[in-house]
Amino acid sequence: MADVEKIEGAPERDNRYNPAEIEPKWQARWDADETLYAAESHDSGKPKFYCLEMLPYPSGQLHIGHVRNYSIGDALARFMWMRGYNVLHPMGWDAFGLPAENAALKNNTPPREWTLKNIEQMKVQMRRLGLSYDWAGTEVTTCLPDYYRWNQWIFLKMVELGLAYRKSSKVNWCPDCATVLANEQVVGGCCWRHEDTIVEQRELQQWFLRITKYADELLDGLDKMPGWPEKVRTMQRNWIGRSHGTHVDFQVTAMANTPPITVFTTRVDTIFGATSVQLAPEHALVKEWVKTDAQLAASVEEMLAQQKAARETGDIGNIEKHGVSTGKTAVNPFNGETVPIWVANYILADYGTGAIMSVPAHDERDFEFAMKYGLAVKRVIAPSLDTDELALPYTGEEEAVLIESGEWTGEACLEAQDKMAKFAEQHGFGKKTITYRLKDWGVSRQRYWGTPIPMVYCVNGHDGVPAGGVVALPESALPVLLPEKIEITQEGGSPLGKVPEFLNTTCPVCGGPARRETDTMDTFVDSSWYFYRYTDAKNDKAPFDSEKANYWFPIDQYIGGVEHAILHLIYSRFWTKVMRDIGMIKNDEPAERLFTQGMVIKDGAKMSKSKGNVVSPDDMISRYGTDATRMYALFAAPPDRDLEWQEEGVAGVSRFVARVYRLTSKFAPVVRQMEAAHGDEIAASAFAAQTPVGAKLIRTLHQTIAKITEDFSGRWHFNTCIAAIMILVNEIQASEAGMDAGDVSPATIAEVFKTLVLLLAPFAPFVAAELWEQMGGTGVLFRQPWPVADAELARESEMEIPVQVNGKLVVVIKLAADADEEAIKVAAMGDEKVISRLEGKTVVKTIVIKGKMINVVVK
RNA sequence: GCGGGAGUGGUGAAAUGGCAGACACGCAGGUCUUAGAAGCCUGUGCUUCGGCGUGGGGGUUCGAGUCCCCCCUCCCGCACCA
C-alpha cells in the first residue's frame with residue numbers, strides 16, 4: 001500500500017500521453033525484430049489461422065480505406081495470436097499495371113523504378129500503422145521476376161491443358177493511347193486518360209483463359225460457401241448468369257445451302273406464338289446477306305453505328321428498339337409456319353446464338369418491337385384454357401398452360417418446356433442447352449508493364465507449325481524477362497514490339513527465327529494466386545510447396561473491399577480450381593470466410609481528389625497518433641457498413657486513449673509491485689473478498705472480456721467492443737478516488753489494469769505495448785494469453801426489472817440477481833405505481849421473463 | 001427492370017422479440033486559468049408535461065426498431081441476357 005501513497009506526490013511527467021514519442025519508439029523496436037510476426041512451422045502443435053487482407057496497388061500513398069481494411073485484419077491477427085493460434089499474416093504488392101506506365105510518360109521515370117519507390121513509401125506508412133505483417137517471410141511483389149515467372153509457368157500449364165488459347169475478339173481500343181484498355185479504364189465510353197476520346201471496339205487476336213469450363217462449378221460452389229457474404233455470392237451468380245433453355249433450328253426458306261438459324265430461347269413452350277426470327281446485326285448470316293443487298297447493308301451499318309454511339313454514351317440499355325426486315329423467311333419447325341427474318345438492334349451477338357424467335361404475345365421486348373413494326377401477335381399461353389381476355393404481353397409460366405399449340409395445347413408451361421425440347425432433339429431440329437453470361441477471360445494487354453506471355457511465333461514454321469505459327473516456350477526458358485531499357489510513348493501498340501532484343505528470338509522447336517508475343521498479361525492474373533505464394537514466398541523451384549499451401553489453405557479469413565466481388569474474387573476461385581486440377585493444392589475454394597468492409601466516405605460522398613474530400617492517413621497519425629486513428633476506424637461504424645469520417649471523432653478517441661494512458665501509468669507501480677510480490681496469485685486474490693467498488697470493477701471487467709471475445713468470433717462489431725472498453729475506463733476513472741483512498745485492493749487494481757491493456761492490444765498496439773512495459777509486463781504483448789471471462793464474476797448482484805402493465809412501462813424495480821419468478825411477481829405487484837395502475841381492473845395473466853422483465857396483462 | 005443493402009436524436013451510431021437512443025461527436029452551462037488550450041463536473045430525442053417518438057400503412061404477439069405483408073425514399077451492383 002505504501003507505493004500507492006507515494007504516487008500522490010509523484011511528478012505529473014509520466015502521465016502525459018504523447019503518441020509522437022511512444023509510437024516511433026515501439027515501431028523501431030518492432031522493425032528491428034524480423035521474426036516478430038513470423039508464422040510458425042506446420043508442426044508447432046497450434047491450430048493454424050490464415051488472416052489475409054487484400055494486397056494494395058502501390059500507388060505511393062495509402063488511403064484511409066486501406067487503414068480501415070488493415071485495422072480490421074490487424075486486430076484479428078493479434079487477437080488470434082493471443083488465443084494461441086499459429087497465425088499467417090502476410091502482405092504484398094499488386095505491382096503491375098498501367099499507372100506505372102502513365103507515370104513513366106509524365107515524369108520520365110522507368111515503371112520499375114517508380115513502382116519500387118512507391119512500395120518503399122507505402123511500406124513505411126504501413127510500419128507506421130504498426131501492422132503486424134511478416135515482411136521478411138512473406139512479402140510478394142508481383143512485378144518482380146521471382147513472382148511473375150510463375151505466372152508464365154502456370155500459363156504454360158494452361159496452354160498444355162487447353163485452358164489457355166488464342167482467338168480473335170473485340171476489345172476496347174483507345175486510338176490516342178494506341179492500346180487496348182481494360183473495361184475498368186473506359187469511363188463513360190471515353191478513355192480515362194483522354195477524356196474526349198471515344199473508345200473504339202476493335203477485333204484483335206487475343207489470349208483467353210477458359211474460365212467457362214468451370215462455370216458450373218463456380219456457380220454451384222457458391223451455395224456451399226456460407227462464410228461469404230450473400231451479396232458477393234449473388235453478384236457472382238448474376239455474373240456467371242447460367243440460364244437453361246433450348247436451341248431450335250429455323251430453316252431459311254428457299255435457301256437449301258444456307259445453314260439453319262439456331263435460336264436460343266428459355267420459353268420454347270411459346271414457340272407456336274413466334275411471328276418472326278430476329279438476328280443480331282453482327283450475326284454471320286447478316287454479314288453474308290448484306291453483300292448482295294445494299295439497302296440492308298445500309299440499314300445494318302446505321303444500326304451498328306447507333307449501337308456504338310449508345311454504348312459510348314453509356315445508355316445502351318435505353319436505346320430505342322429498331323430493326324429492318326431482310327425480306328427473307330424461315331420455317332418454324334414445330335408448326336411449319338413461315339415467318340419473316342428481321343435484323344434487330346436489341347439482339348446481342350455474344351449472348352446465346354445471336355438469334356431469337358420473337359414471340360410478341362409473351363415477351364415484353366418482342367411485344368414492343370412488334371407494335372412498332374406491325375408484326376403479328378399470336379397468343380399461345382394463358383392462365384387457363386378458358387381465359388378470354390388477357391392483357392398482352394403475358395409472361396406468366398408457372399401457373400399457365402399452352403393454347404392453340406397443336407398437340408401441346410393444354411400442357412402446363414413448365415412441363416411443355418421440357419417435353420418440347422426433347423421432341424426437338426428427337427426430330428433433329430433442336431436440343432436442350434445451357435447458356436452463360438460468363439465469357440472466357442481475355443488476358444492479353446498491349447502494354448509494357450505486365451507479365452510477358454511466354455509464347456513465340458515461329459517465323460518460318462516447322463513440322464506441324466505453319467509460318468508465323470504459335471509455339472509455347474519450354475519451362476527452361478522461363479522467366480521471360482521484361483526488358484529494362486524501354487521507351488514508353490503514346491504511339492503505336494505494345495511497347496515491347498519496339499524492342500528488337502526482346503522481340504527477336506529463336507524457335508525452341510526448330511531453332512529458326514521467332515518473334516515473341518508482345519502482349520502482356522492482365523494484372524488480374526497476378527492477384528489470382530498471390531496468396532498461395534505467401535505460404536512459400538522464397539521458393540525458386542516452384543510457385544510454392546504444395547505441403548505448405550495445403551497446411552495453410554483455405555484462407556481462414558479474407559478481408560477486403562466489395563469492389564472486388566466480381567473480377568478478383570471470381571478469377572481467384574477459377575485459379576484455385578485449375579491449380580487443384582493440376583495437383584498443386586487440395587482445396588476447392590481459396591477462402592473459408594470473406595469479409596467485405598464498407599467504404600470510407602466524407603461529407604456523405606466517396607473520397608476523391610476532384611471533390612477535395614480526401615483524408616490523409618499521415619495527417620491523422622501526426623495529429624492524433626496511430627492508435628487513435630486505427631481505433632476510430634473501428635469505432636465509428638460496424639466494419640461492414642460505410643463509415644463517415646469525422647475528424648472530431650478521431651480527436652475524441654485520442655482523448656480516450658490519453659485517459660487510458662494517464663490512469664494506467666498512474667497505477668502501473670501498484671501493478672509492478674503486486675506482480676513482484678504475488679505473481680500469478682494476483683487474479684485469485686483480486687476475486688476474493690472485495691469492497692463494493694472493487695467488486696463492481698471486477699464485474700465490469702469480466703463483462704468487457706466476454707463481450708469482446710464473443711464479438712471476435714464472428715459478429716465483428718468492433719465499434720461496440722471499443723464502446724465496452726470505454727465503459728470500463730469510465731468506471732475506472734469514476735473509481736479513481738476510491739483506488740487512491742485504498743477502497744480497492746492492490747490485487748484488484750493490478751488485475752483490472754493488466755486485463756485492460758490486454759483487451760486494448762488488438763486495437764491500439766502501441767499504447768498497449770507501452771503500458772504493458774510500464775506495468776512491468778515481460779514478453780511480447782500480443783503473445784500473452786487472451787483473458788478469459790468468468791461468468792460468475794460478470795454476473796450482476798442486483799438486477800433492474802422493468803414492470804409493464806399491458807406492455808407499457810410503469811416502473812423499474814430493483815431485486816437481488818437470484819430472485820425467482822415468484823419473487824419478481826410479488827415485488828412488482830407490491831409496487832405503489834403498479835397498484836394504482838391496476839385499480840379497478842382484473843389481472844388476466846402475468847408474463848415473467850426471468851432476469852428480464854415482467855408484464856401484467858389486465859382488463 | 002433484376003439483385004443486394006440501408007432508413008432510429010443536431011451528427012457517427014447502440015439495442016438475442018423484453019427499459020429505444022448504450023458509447024462517442026457536437027452543443028450548452030459550470031470548474032480550473034491572468035487568458036486560452038487541455039482536463040474535470042453537469043445537462044442534452046421531442047413535448048402543450050397528458051404524453052409522443054425508430055420512413056409510411058396494415059398484421060402477428062402479453063410485448064415489435066427487431067418477425068410477416070404492402071408502399072415510399074436513398075445507396076451499391078448488374079442491366080435489351082431472349
Side-chain angles (χ1 to χ4, degrees), chain A residues 15-17 229-239 241-243 245-246 263-268 270 278 280 307 310 315-321 344-348 350-359 362-366 368-369 435-437 562-563 565-566 598-599 601 604-606 632 635-638 640-653 655-656 658-659 662 715 717 719-730 733 736 800-813 844-849 851-858:
Chain A
N15 287 345
R16 190 152 305 140
Y17 171 59
E230 189 53 46
K231 176 176 184 170
V232 172
R233 292 191 284 160
T234 307
M235 283 167 78
Q236 293 205 356
R237 275 189 201 106
N238 294 342
W239 186 264
R242 181 165 67 192
S243 95
T246 310
V263 303
F264 172 71
T265 177
T266 54
R267 291 295 306 271
V268 68
T270 65
Q278 307 279 352
Q307 221 165 4
D315 48 21
I316 182 84
N318 303 325
I319 191 169
E320 198 194 336
K321 290 175 185 39
N345 68 337
Y346 69 98
I347 309 304
L348 303 173
D350 57 358
Y351 183 77
T353 57
I356 65 153
M357 61 176 199
S358 177
V359 184
H362 306 294
D363 181 280
E364 295 193 3
R365 288 159 316 204
D366 293 348
E368 192 189 323
F369 191 85
T435 290
Y436 300 90
R437 220 185 67 107
V562 75
E563 65 272 19
I566 299 297
M599 277 190 312
I601 55 176
K606 196 173 169 175
Y632 175 75
F635 176 65
D640 53 339
R641 260 208 246 176
D642 284 354
L643 182 160
E644 167 79 33
W645 194 270
Q646 292 176 335
E647 194 167 334
E648 297 89 339
V650 190
V653 174
R655 286 197 293 272
F656 163 73
R659 263 200 326 272
R662 183 187 69 80
R715 217 174 71 122
H717 280 197
N719 54 330
T720 55
C721 288
I722 292 168
I725 299 177
M726 287 173 171
I727 292 171
L728 174 64
V729 171
N730 288 350
Q733 185 166 295
E736 189 178 359
E800 295 193 332
I801 301 291
V803 182
Q804 297 178 352
V805 174
N806 284 348
K808 290 231 172 203
L809 180 72
V810 174
V811 70
V812 180
I813 55 175
V844 181
K845 67 172 155 178
T846 313
I847 292 130
V848 182
I849 310 296
K852 280 275 158 84
M853 50 78 62
I854 173 169
N855 188 12
V856 185
V857 185
V858 298

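So you know, we letter chains A, B, ... as the sequences are listed, proteins then strands, and number each from 1.
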Give A/Pro229 one of three labels, base, sugar-phosphate or nothing, depending on what nucleic acid heavy atoms sit under 4.0 Å from its own.
nothing
Name the pairing partner of B/C23, where a pair is Watson-Crick or G-U wobble with both distances under 3.5 Å, or state none.
B/G12
Which atom pair, heavy atoms only, marks the closest approach of A/Ile725 to A/Phe656?
CG2-CZ, 3.8 Å
Have a look at B/G50 and give me syn or anti from its glycosidic angle (syn if within 90° of zero).
syn
Treating A/Asn806 as the side-chain partner and A/Val858 as the backbone partner, does any N or O pair qualify as donor plus acceptor under 3.5 Å?
yes
Using atom C1' of each nucleotide, how far apart are B/U66 and B/A28 to the nearest Å?
34 Å
For the base of B/C62, is there a side-chain donor-acceptor partner from A/Asn855 under 3.5 Å away?
yes
Which of B/U16, B/G18, B/C19 is nearest the side chain of A/Ile847? It is B/G18
In whole Å, what is the span from the NE2 atom of A/His717 to the C1' atom of B/G12?
15 Å
Could you write out each protein N or O paired with an N or O of nucleotides 23-30 of chain B at a distance under 3.5 Å?
| unit_1 | atom_1 | unit_2 | atom_2 | d |
| --- | --- | --- | --- | --- |
| B/A24 | OP1 | A/Asn730 | OD1 | 3.3 |
| B/A24 | OP1 | A/Asn730 | ND2 | 2.6 |
| B/C25 | OP1 | A/Arg655 | NH2 | 2.9 |
| B/G26 | OP2 | A/Arg655 | NH2 | 3.3 |

Interatomic distance at C1', B/G77 relative to B/A82, whole Å
22 Å
Using the C1' atom as the reference point in each nucleotide, state the distance between B/U16 and B/G26 in Å, no decimals.
32 Å
Is a donor on one side and an acceptor on the other found under 3.5 Å between the side chain of A/Asp642 and the backbone of A/Gly598?
no
Is the side chain of A/Asn719 donor-acceptor paired with the backbone N or O of A/Ala636 at a distance under 3.5 Å, no angle test?
no
Backbone of A/Gln646 reached by a side-chain donor or acceptor of A/Tyr632 within 3.5 Å
yes
Rounding to the closest angstrom, what is the interatomic distance between B/C46 and B/G10 at atom C1'?
13 Å
When rounded to the nearest Å, what value does the distance between C1' atoms of B/G21 and B/C25 take?
14 Å
Using the P atom as the reference point in each nucleotide, state the distance between B/U8 and B/G65 in Å, no decimals.
15 Å
What one should report as the nearest heavy-atom pair of A/Phe264 and A/Ser243 is CZ-OG, 3.7 Å
Within the structure shown, what part of the strands sits under 4.0 Å from A/Asp642 by heavy-atom distance: base, sugar-phosphate, or nothing?
sugar-phosphate
Categorize A/Arg237 for me: base, sugar-phosphate, or nothing, with a 4.0 angstrom heavy-atom threshold over every strand shown.
nothing
So what does A/Gln733 hit on the nucleic acid, given a heavy-atom distance under 4.0 Å: a base, only sugar-phosphate, or nothing?
sugar-phosphate
Distance under 6.0 Å and angle within 45° of ring axis: A/Lys321 vs A/Tyr346
yes
Judged by whether its glycosidic angle lies within 90° of 0, B/G30 is anti
A/Ile347 vs A/Val856, nearer the 5' end of RNA chain B by closest nucleotide
A/Val856
At under 4.0 Å between heavy atoms, what does A/Val812 touch on the DNA or RNA strands: base, sugar-phosphate, or nothing?
base
I need the CZ-C1' distance between A/Phe264 and B/A82, as an integer number of Å.
7 Å
Expressed in angstrom and rounded to an integer, what is the separation of A/Met599 atom CE from B/G77 atom C1'?
12 Å
Of all heavy-atom pairs between A/Val653 and A/Phe635, which one has the smallest distance, and what is that distance?
CG2-CD2, 4.0 Å
Record whether the side chain of A/Glu800 comes under 3.5 Å of the base of B/C19 through a donor-acceptor pair of N or O atoms.
yes
Mark yes or no for whether A/Arg662, through its side chain, and A/Tyr17, through its backbone, hold a donor-acceptor pair below 3.5 Å.
no
Please give the distance between the C1' atoms of B/G63 and B/G12 as a whole number of Å.
30 Å
Closest heavy-atom pair, A/Ala280 versus A/Ile347, reported as atoms and distance to 0.1 Å, is CB-O, 3.3 Å
So A/Asn719, base contact, sugar-phosphate only, or nothing? Heavy-atom distance under 4.0 Å.
sugar-phosphate
Pairing nucleotide - B/U33, Watson-Crick or G-U, each distance under 3.5 Å
none
Interatomic distance where CG belongs to A/Leu809 and P belongs to B/G53 [whole Å]
15 Å
Looking at the side chain of A/Asn238, which of B/G18, B/G77, B/G12 is the nearest nucleotide?
B/G77
What contact category does A/Arg242 fall into here, base, sugar-phosphate, or nothing, at under 4.0 angstrom with non-hydrogen atoms?
nothing
Could you give the distance separating B/C68 and B/G17 at their C1' atoms, to the nearest angstrom?
13 Å
So if I take every side-chain heavy atom of A/Ile849 and compare against B/G12, B/A82, B/G18, which nucleotide ends up nearest?
B/G18
Taking pairing as Watson-Crick or G-U wobble with both contacts under 3.5 Å, can you name the mate of B/A82, or confirm there isn't one?
none
B/C46 - base-pair partner by Watson-Crick or wobble geometry, distances under 3.5 Å
B/G51
Most 5' of A/Gly352 and A/Glu230 on RNA chain B, judged by nearest nucleotide
A/Glu230
